[in-house]
Amino acid sequence: MASTVFERHRPAASVVVESLRGSRLSSFWLDDISPRRYPRLTSDLNCDLAVVGGGYCGLWTAVLAKRRDPDARVVLLEARTVGWAASGRNGGFCEASLTHGEENGRRRWPAEYDRLEELGDENLDAIERAVTELGLDCEFERTGSIDLAVEEHQAEWLREEPTNTGTNENTVYLDEAALRAEVNSPTYLAGVWHQRSNALVHPGKLAAELARVAAELGVEIFEHTPVRSLDTDGLTPTQGTRVRTSRGTVQAAKTALATNVFPSLLKRNRLATVPVYDYVLMTEPLTDAQLASIGWQHRQGLGDLANQFHYYRLSGDNRILFGGYDAVYHYGRRVRSGYEDRPTSHERLASHFFTTFPQLEGVRFSHRWAGAIDTSTQFCAFFGTARGGRISYAAGFTGLGVGATHFAANVMLDQLADLGTELTSLEMVRKHPLPFPPEPIASIGIQATRWSLDRADHNRGRRNLVLRTLDALGLGFDS
Ligand SMILES: Cc1cc2nc3c(=O)[nH]c(=O)nc-3n(C[C@H](O)[C@H](O)[C@H](O)COP(=O)(O)OP(=O)(O)OC[C@H]3O[C@@H](n4cnc5c(N)ncnc54)[C@H](O)[C@@H]3O)c2cc1C
């Protein structure tokens, strides 16, 4: 079994230990903001639309609902605080792809993939416009992103890709020298810069700003208000659904569920997602000299092409966020803060960071954290309606929800309005993915898949029987 570049060129153990000493176990993005807080629900009320969940998906749904109909009474119920979960702790890559990349999208929806790609581009353009129109102060930078080859077989993949051999409108192939002129790492062999298909955001600011704008548009936001159940007993379709919390009931004509990886309020979706823990480090701000040693003038988002991949980027104040690689599933599919401190994963990331940028030896990490990736078996969001169209839902973004939640919000609003639009008639929107199996099979299957993905990364990317079988079944596991 071949070793990876990160195993061949490890930094000294003391470099890793020193770099993490004093780091805070907390999302930098949430530490970096002082968001406005919202009250708890304290009484019953009626509304036109109840949104459950205060991450990007719920927030975009509330904002877009008010933009569509300013007179609608819209209520948003959040179990904890706005943006505390994945939306406040992600990498901030706002990708155009709605399908977790072209390969996954083309394999699952070959007939409509080209249109899905256009819709993804339009979605990212619409987010960029909304940032300006709504004045969202979220450090939005349309930098694009570079797919990096750090192993010879990955470089071969890039060279074989016909669109990657030259320069087309928005995609630039970078050979080793050109890539290192962009970003200087001895691990880089080749890259492809997708110049328009990604933007970077400050994830915490995006969530806080969406909440601010929602409130200014008249959305009533309630924090620390977990929804316990939904019922329609004795209600006509126009009366809608009772959205029950322990402090009051919201009777809503329409309800949008944006609860992502958390236990679904609909029984049918309980097995549709699993939480997979992803780990992240953030450095202190780099000095001008440290930044100059890397280059990175165009500030692109970066990600390598391994199954167990790293993603990294600069923040507004020139820190480096470095995340990914380990993707850890815990038996029982629970979301728990106790899973967030995992020294082996954070140390491994630190080691890989100094392999990538040995010139930064001595830099310290100010923050380390983790979050639950909203994994579905089709690697991207699924959608649906329930109770005769009174309720819609979107979940399972599988680590690529920063941009796709805006698209999902439009899908849910179209579904609730029974509009029959292009979005609601997409096969990707209409078809439900297979659920994950119950425990213990889920755990055994996911661990076998992870092991196989790691083997593939050590074997020139070659997929073993487990992975080929899952591919054939259209099933899988990814972060
Ligand atoms: C470490 C990490 C890195 C990532 N990096 C990227 C990236 O770079 N790019 C990208 O596109 N995606 C990334 N993702 C994924 C992305 O963050 C998510 O897909 C996206 O934030 C999903 O938004 P959401 O609103 O659906 O879910 P969430 O942000 O999880 O919000 C769901 C909300 O629902 C609330 N809720 C749940 N149940 C209830 C209930 N019963 N009552 C009331 N409220 C409830 C929760 O409290 C939570 O606030 C990453 C994720 C992680 C964890």
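Reckoned from all heavy atoms, side chains included, excluding hydrogens, waters and symmetry mates. Being a predicted model, the structure only gives us computed values, none of them experimental. Counting convention: from 1, in listed order, for ligands and their atoms alike.
Under the 30°/60° scheme for interplanar angles, the aromatic rings of His298 and Trp193 are found to be tilted. Ring geometry for Phe357 versus Tyr312: interplanar angle over 60°, hence perpendicular rather than tilted (30 to 60°).
Residues that satisfy the ring-ring contact (aromatic ring centres under 6.0 Å, His included) test with His310, not counting sequence neighbours, are Phe6, Phe322, Tyr325, His352.
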For ligand 1, run through the N/O pairs with the protein that fall under 3.5 Å and put one pair on each line.
residue, atom, partner, partner atom, Å
ligand 1, 5 (N), Gly91, N, 3.0
ligand 1, 8 (O), Gly91, N, 3.4
ligand 1, 8 (O), Gly92, N, 3.4
ligand 1, 8 (O), Phe93, N, 3.1
ligand 1, 9 (N), Phe93, O, 2.8
ligand 1, 11 (O), Phe93, O, 3.2
ligand 1, 11 (O), Gly401, N, 3.0
ligand 1, 11 (O), Val402, N, 2.9
ligand 1, 12 (N), Gly399, O, 3.0
ligand 1, 12 (N), Gly401, N, 3.2
ligand 1, 17 (O), Ala86, O, 3.3
ligand 1, 17 (O), Asn90, ND2, 3.4
ligand 1, 19 (O), Asp374, OD2, 2.7
ligand 1, 19 (O), Gly401, N, 3.2
ligand 1, 21 (O), Ser87, N, 3.4
ligand 1, 21 (O), Ser87, OG, 3.0
ligand 1, 23 (O), Ser87, OG, 3.3
ligand 1, 25 (O), Tyr56, N, 3.1
ligand 1, 25 (O), Cys57, N, 3.0
ligand 1, 27 (O), Asn260, ND2, 3.2
ligand 1, 29 (O), Ser87, N, 3.0
ligand 1, 29 (O), Ser87, OG, 2.6
ligand 1, 41 (N), Val227, O, 3.0
ligand 1, 42 (N), Val227, N, 2.9
ligand 1, 44 (N), Ala79, N, 3.0
ligand 1, 47 (O), Glu78, OE2, 2.7
ligand 1, 47 (O), Trp84, NE1, 2.8
ligand 1, 49 (O), Glu78, OE1, 2.7
ligand 1, 49 (O), Glu78, OE2, 3.1
ligand 1, 49 (O), Trp84, NE1, 3.3

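Side-chain atoms of Glu182 never come within 3.5 Å of backbone atoms of Gly295 as a donor-acceptor pair (strictly under, hydrogens ignored).
With a 6.0 Å cutoff to the six-membered ring centre and a 45° limit on the axis angle, Arg21 does not count as a cation-pi contact of Phe365.
Aromatic rings from Trp369 and Tyr339 are positioned such that their centres are separated by 6.0 Å or more.
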